[in-house]
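To keep things clear, I will list the structure first and then write my remarks on it.
Numbers for residues simply follow the sequence, beginning at 1. Bear in mind the structure is a predicted one, so any value in this text is a computation, not a measurement.
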Amino acid sequence: QVQLVESGGGFVQVGGSLRLSCAASGSIFSSHAMGWYRQAPGKQRELVAEITSAGRTNYVDSVKGRFTISRDNAKNTVYLQMNSLKPEDTAVYYCAVYRGSLLFTGPNYWGQGTQVTVSS
């Protein structure tokens, strides 16, 4: 069973930065794609950023140029660096392990989520 533990969320003012971390248990981490998703109140969960096992990345248009996803396979950890935060970035952020090494395989396991609140 894979377990994911997110951390790094919190309260920040507009224009500020946060770095989210997601630590994964198990030996599958390095061979699987990972993703960050978010869900705002009253909205569906949406993709924010994703990264293949080889490090290829994809971002939703609204965060391009502001967010960076990265992974450290030695630490079984994926990161989401969030800069120039906006009120519309407020949401619960979830990390996910994908079914395979490529992005099309989609999420299979989810973390418990971490709250990010951006105040104006």
Does some side-chain heavy atom of [Y] sit less than 4.5 Å from a side-chain heavy atom of [X]?
X      : Y      : result
Thr114 : Val92  : no
Arg19  : Leu80  : no
Thr117 : Val12  : no
Thr90  : Val116 : no
Val48  : Tyr59  : no
Ser31  : Ser101 : no
Tyr94  : Pro107 : no
Ser53  : His32  : no

Heavy-atom neighbours of Gln44 CD exceed 12 at 6.0 Å:
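Count not over threshold, so no.
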
Quick check: are there more than 12 heavy atoms from other residues, nucleotides or ligands sitting under 6.0 Å from CD of Gln112?
yes

Check against side-chain contact (heavy atoms from CB on, under 4.5 Å), Phe11 and Gln115:
CA-CA 8 Å; Phe11 183 92; Gln115 176 71 45; over 6 Å; no

Tell me, please, whether Tyr79 has Arg71 positioned over its six-membered ring: NZ or CZ under 6.0 Å from the ring centre and within 45 degrees of its axis?
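So Arg71 doesn't make the cation-pi contact.
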
Would Asp89 and Lys86 pass as an ion pair if we require N to O under 4.0 Å?
no

Would you give the length of the straight line joining atom [atom1] of [X] to atom [atom2] of [Y], rounded to the nearest 0.5 angstrom?
X     : Y     : atom1 : atom2 : answer
Gln81 : Ile69 : CD    : CD1   : 12.5 Å
Ser30 : Asp72 : OG    : CG    : 11.0 Å
Ser62 : Glu46 : OG    : CD    : 6.0 Å
Thr77 : Glu6  : OG1   : CD    : 11.5 Å

For the student: nearest non-hydrogen atoms of [X] and [Y], plus distance:
X      : Y      : result
Leu103 : Ala33  : CD2-CB, 4.1 Å
Met34  : Val78  : CE-CG1, 3.7 Å
Leu102 : Thr105 : O-OG1, 2.7 Å

By side-chain hydrogen bond (donor to acceptor under 3.5 Å, both in side chains), which residues pair with Glu50, not counting sequence neighbours?
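Expected list: Asn58, Tyr98.
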
Is there a chain of hydrophobic side chains (I, L, V, M, F, W, Y, each step under 4.5 Å between heavy atoms) that links Val14 to Leu20?
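Shared cluster, yes.
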
Worked check of side-chain hydrogen bond (donor to acceptor under 3.5 Å, both in side chains) between Ser17 and Asn83
CA-CA 4 Å; Ser17 298; Asn83 298 328; 2.9 Å; yes

Determine, stepwise, if the pair Phe67 / Leu85 fulfils side-chain contact (heavy atoms from CB on, under 4.5 Å).
CA-CA 9 Å; Phe67 291 10; Leu85 283 161; 3.8 Å; yes

With Asn108, which residues qualify under side-chain contact (heavy atoms from CB on, under 4.5 Å), at least two apart?
Arg99

Kindly write out the residues that satisfy side-chain contact (heavy atoms from CB on, under 4.5 Å) with Lys43, not counting sequence neighbours, or none if the list is empty.
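Listed in chain order: Ala40.
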
Could you check whether Trp110 and Tyr37 have their ring centres less than 6.0 Å apart?
yes

Short question: side chain of Arg45, backbone of Gln39 - any donor-acceptor pair under 3.5 Å?
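Checking the backbone N and O of Gln39 against the side chain of Arg45, no donor-acceptor pair under 3.5 Å is found.
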
Tyr93-Arg38 side chain donor-acceptor pair, cut-off 3.5 Å:
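On atom types as modelled, these side chains qualify, holding a pair under 3.5 Å.
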
